[in-house]
4 protein chains.
Amino acid sequence: MARTLPTIPRKSASQQRSKATVEALLDATARVLVRDGYDRASTNRIAAKAGVSVGSLYQYFPNKEALVAALVARHNREMLQLIRDALKKVASLDLATAMREMVKATLDAHLVDPALHRIFADQVPRMGQLAKIEALKEETFALIRAYLEDRRKEIAVRDLDAATSILATTVEALTHEFVINKPNALDRDRDRFVNEVTRLVAGYLTPGRA
Amino acid sequence: MARTLPTIPRKSASQQRSKATVEALLDATARVLVRDGYDRASTNRIAAKAGVSVGSLYQYFPNKEALVAALVARHNREMLQLIRDALKKVASLDLATAMREMVKATLDAHLVDPALHRIFADQVPRMGQLAKIEALKEETFALIRAYLEDRRKEIAVRDLDAATSILATTVEALTHEFVINKPNALDRDRDRFVNEVTRLVAGYLTPGRA
Amino acid sequence: MARTLPTIPRKSASQQRSKATVEALLDATARVLVRDGYDRASTNRIAAKAGVSVGSLYQYFPNKEALVAALVARHNREMLQLIRDALKKVASLDLATAMREMVKATLDAHLVDPALHRIFADQVPRMGQLAKIEALKEETFALIRAYLEDRRKEIAVRDLDAATSILATTVEALTHEFVINKPNALDRDRDRFVNEVTRLVAGYLTPGRA
Amino acid sequence: MARTLPTIPRKSASQQRSKATVEALLDATARVLVRDGYDRASTNRIAAKAGVSVGSLYQYFPNKEALVAALVARHNREMLQLIRDALKKVASLDLATAMREMVKATLDAHLVDPALHRIFADQVPRMGQLAKIEALKEETFALIRAYLEDRRKEIAVRDLDAATSILATTVEALTHEFVINKPNALDRDRDRFVNEVTRLVAGYLTPGRA
DNA sequence: AATGAATGAGAATTCATTCAT
DNA sequence: AATGAATGAATTCTCATTCAT
């Protein structure tokens, strides 16, 4: 029997395969990290879980850090997408409403994969490449900052950079704290959390109004 | 006349020796962590830096985690002491002033040993015993909460627990963020940082007043 | 004509490699045990002697105990094979002759590698997995028991299990004692040893006949 | 108040104290061996259990092996005493009865401290000094041999040394096997065990009579 | 004599990474 | 490109023994 000739161009096929392998590896990394913790997440274990040989892992990632960094990046991209979408819709809204949407989006972002997020926060050392994967922060900063610029007149703070930092950090930290350490409070009353944080930051930007 | 009995108990000599060894080990751990990072901080390296044998290290700490945990605890205790002292003096002061003192104390606490603090934040995995040691922040919570209780009437937030969480988390996170990622801003204008954070939290507690 | 497919499966190469490594490790373990004793037989030393890295050792054996257990098992299997072969041929023979063959086979078994056998007896702690590996002597028990069952009528002992235990233990212990502690006696007069032990056990099974 | 002068001569006092310490150490060794196994029985642990400092342990025993050897020796002495007493009374008795008494005494000896005996058999490596502490065997051999000499005429074996070896080894091994691996059988029917073993060895010495 | 802190060689084991097939 | 066997440096931890007090 004649061997069937491949109908799909080789390159494309292998490109697709590559992509699938990379995704499988990232998925496996996430699962192993969550299940076993960072310290027990060896490259061999991850490759096995991905149904791929260690050799293949190193075909796509030069070292363990790069693998984890890629996963962090993917996770951040997913979170960022939510923030981006939310802030896109907010341009025309008043400050308080805009802040509320931002808080909600941040919360949604943190709920994308809380278990994985927790591992990143608690166990993955932020050093080397990992230290730099703060792209999430940077774009969030830029987005917020752009919105505030638009509303400059309504805002009581002169130094927009500082205000943006404070805003972003506060919302991020409070969301993180509650998602990680007080998930029950959120389950019970998500709206109250959003209200309070919104009030906190809105009050900061426009004192006296609240 | 009977031979004078030794007034200093026998044990004290070796007890002092023990204590010195433990201190040396903790100091060495701090130095090695800061210099080499968590991953390169092996027990042998730490013992060597402490001028002590590995055996001695394990005489006092059952494993590496316990050693680092003890250091974290010591560091936290030092930071906590500053917060405690500040809040002690604050009982009779008005809200805004009290908040300002709290922010200043938190900042001082973070400046006790920023390099070490950064290692803890970035590299030391929070698992096992380490996860629990954050419990020291429970005392901060209690202290703040007690103050707020006293001033309950002036405060616009009903749920004191939630308010305390938000307050503590916000001040801690902002301080951390600026100490770690924007040290220059602090060097340039520490007062402005304190002002802004104070305004943020005071505004949250007593809206309309600011 | 289509390219000839490789007749030898890909895997076989690496499978053979694996097998060779395992064999090399077991051989090295035996040699190191005999030369240096159990306590000095470190996994690193064994790996070195096998011309293999420690890592490979742990690829195939989860810990030192498993390695030694595998060696004990291999040794027992070799010994058992001799017993098995001997008892196979003995089914139709009379009791005294059968016992003699069993004694001879046991002696041969103990002479497979007396030095190694001595290490096992004297130095290898029988704990954990090792404790269970003596289970191989269960097959000896079963073989003997089956033979006795066949000859039940000629035997003066009612409880066959007890008789088998006594038989097996006696022959084993005497052989061990002489091989280990009185090798000269055996060198001088192997037949006398066989005669005496045979008489001992045959007399037990069929008193009055001897 | 005047210090009471010691009424008991110093030397004797400290000699008694020494003896007590040594006993405490041996007792502690036995308990730790049984509880934790040979590998986990460290000198520090033993000293602690004995209520004595490690330093003191080394005052009385030059090294760990000597300590264990002393314990083995003490245990053997206790066992031997039983054998000795039994064989003393047996001089005038006929072969079968004498053998029976010897088997019973051996069994009693093995029941002195079966747990400890098992540790010695299973876990304590017989090397160095330990290899030589077969004094038990040697004296037992001598005692049995002396008895057989007396009864030479009734015995069918010419080589008394060989016969003694076979006798001693057989009884010892069977007793050991049953005490260690078939304790239930003994609990149920101790007499049967004694009967069978007696018959085995008596039949060997005086064939045709049984 | 006793104490117990200190020692440090050495053991088991892991895991990121390489490379022959 | 994939495979997975092999590598070996590095790490944690133990424990018999010593010795200053």
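Note that the coordinates shown come from a computational prediction; the quantities given were computed from them, not determined experimentally. Reminder, nothing fancy here: chain letters follow the sequence lines and each chain counts from 1. The figures here come from the full heavy-atom set of this structure, side chains too, leaving out hydrogens, waters and symmetry mates.
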| request: Is it possible for you to check whether B/Lys64 lies under 6.0 Å from the centre of the six-membered ring of B/Tyr38, through NZ or CZ, and within 45° of that ring's axis? | output: yes

| task | State whether the side chain of C/Arg40 and the backbone N or O of C/Arg45 hold a donor-acceptor pair below 3.5 Å, judged by distance alone. | result | no

| request: Would you tell me if any nitrogen or oxygen in the side chain of D/Ser56 comes within less than 4.0 Å of OP1 or OP2 on E/dA1? | output: no

| task | Check whether any side-chain heavy atom of A/Val22 sits under 4.5 Å from a side-chain heavy atom of A/Phe61, and report yes or no. | result | yes

| message | Is there a side-chain contact between A/Ser53 and the phosphate of F/dT3, meaning an N or O under 4.0 Å from OP1 or OP2? | response | yes

| Separation of atom CG in C/Asn63 from atom P in E/dT14, rounded to whole Å | 9 Å

| Distance in angstrom units between D/Asn44 CG and F/dC15 P, rounded | 9 Å

| request: Ignoring backbone atoms, establish whether C/Tyr58 has a side-chain N or O less than 4.0 Å from OP1 or OP2 of E/dT14. | output: no

| query | Do B/Tyr60 and B/Thr21 have side-chain N/O donor and acceptor atoms under 3.5 Å apart? | reply | no

| Between atom CD in C/Gln16 and atom P in F/dA6, what is the gap in whole Å? | 12 Å

| query | Heavy atoms under 4.0 Å, any strand shown: does D/Asp39 hit a base, just sugar-phosphate, or nothing? | reply | sugar-phosphate

| In whole angstroms, how far is the P atom of F/dA2 from the CG atom of A/Leu25? | 10 Å

| query | Taking atom P of E/dA11 as reference, at what distance in whole Å does atom CZ of C/Arg40 sit? | reply | 7 Å

| message | Looking only at the side chain of C/Val54 (C-beta and beyond, no hydrogens), which of the listed nucleotides F/dG4, E/dG4, F/dG8 gets closest? | response | F/dG8

| query | Hey, is the side chain of A/Tyr60 poking within less than 4.0 Å of OP1 or OP2 on F/dA2, counting only N and O atoms? | reply | yes

| query | For A/Glu65 and E/dA16, what is the distance between atoms CD and C1' respectively, to the nearest whole Å? | reply | 12 Å

| task | Please tell me which of C/Gly55 and B/Gly55 maps to the more 5' nucleotide of DNA chain E, matching each residue to the nucleotide holding its nearest heavy atom. | result | B/Gly55

| query | Nearest-Å distance, CZ (C/Arg45) to P (E/dA11)? | reply | 6 Å

| Nucleotide pairing, DNA chain E (Watson-Crick or G-U, distances under 3.5 Å), in dot-bracket with [ ] and | | .||||||||||||||||||||

| query | With sequence neighbours excluded, what pairs up with C/Glu65 under the salt bridge (charged side-chain N to carboxylate O under 4.0 Å, His left out) test? | reply | none

| task | Determine, for A/Asp113 against A/Arg74, whether the closest basic-nitrogen to carboxylate-oxygen distance falls under 4.0 angstrom. | result | no

| request: Can you see which heavy atom on C/Gln123 is nearest to which on C/Gly37, and at what distance? | output: OE1-CA, 3.3 Å

| query | Under 4.0 Å: is that the gap between some side-chain N or O of B/Thr43 and OP1 or OP2 of F/dT12? | reply | yes

| request: Send over the distance from B/Arg17 CZ to F/dC19 C1', rounded to a whole Å. | output: 9 Å

| query | Starting at the 5' end of DNA chain F and moving along, which residue's nearest nucleotide shows up first, A/Val52 or C/Thr21? | reply | A/Val52

| Minimum-distance nucleotide to D/Gln59 side chain [options: E/dT13, E/dA1, F/dA5] | E/dA1

| field | Heavy-atom closest contact (A/Val72 atom, A/Leu130 atom, distance) | value | CG2-CD1, 3.8 Å

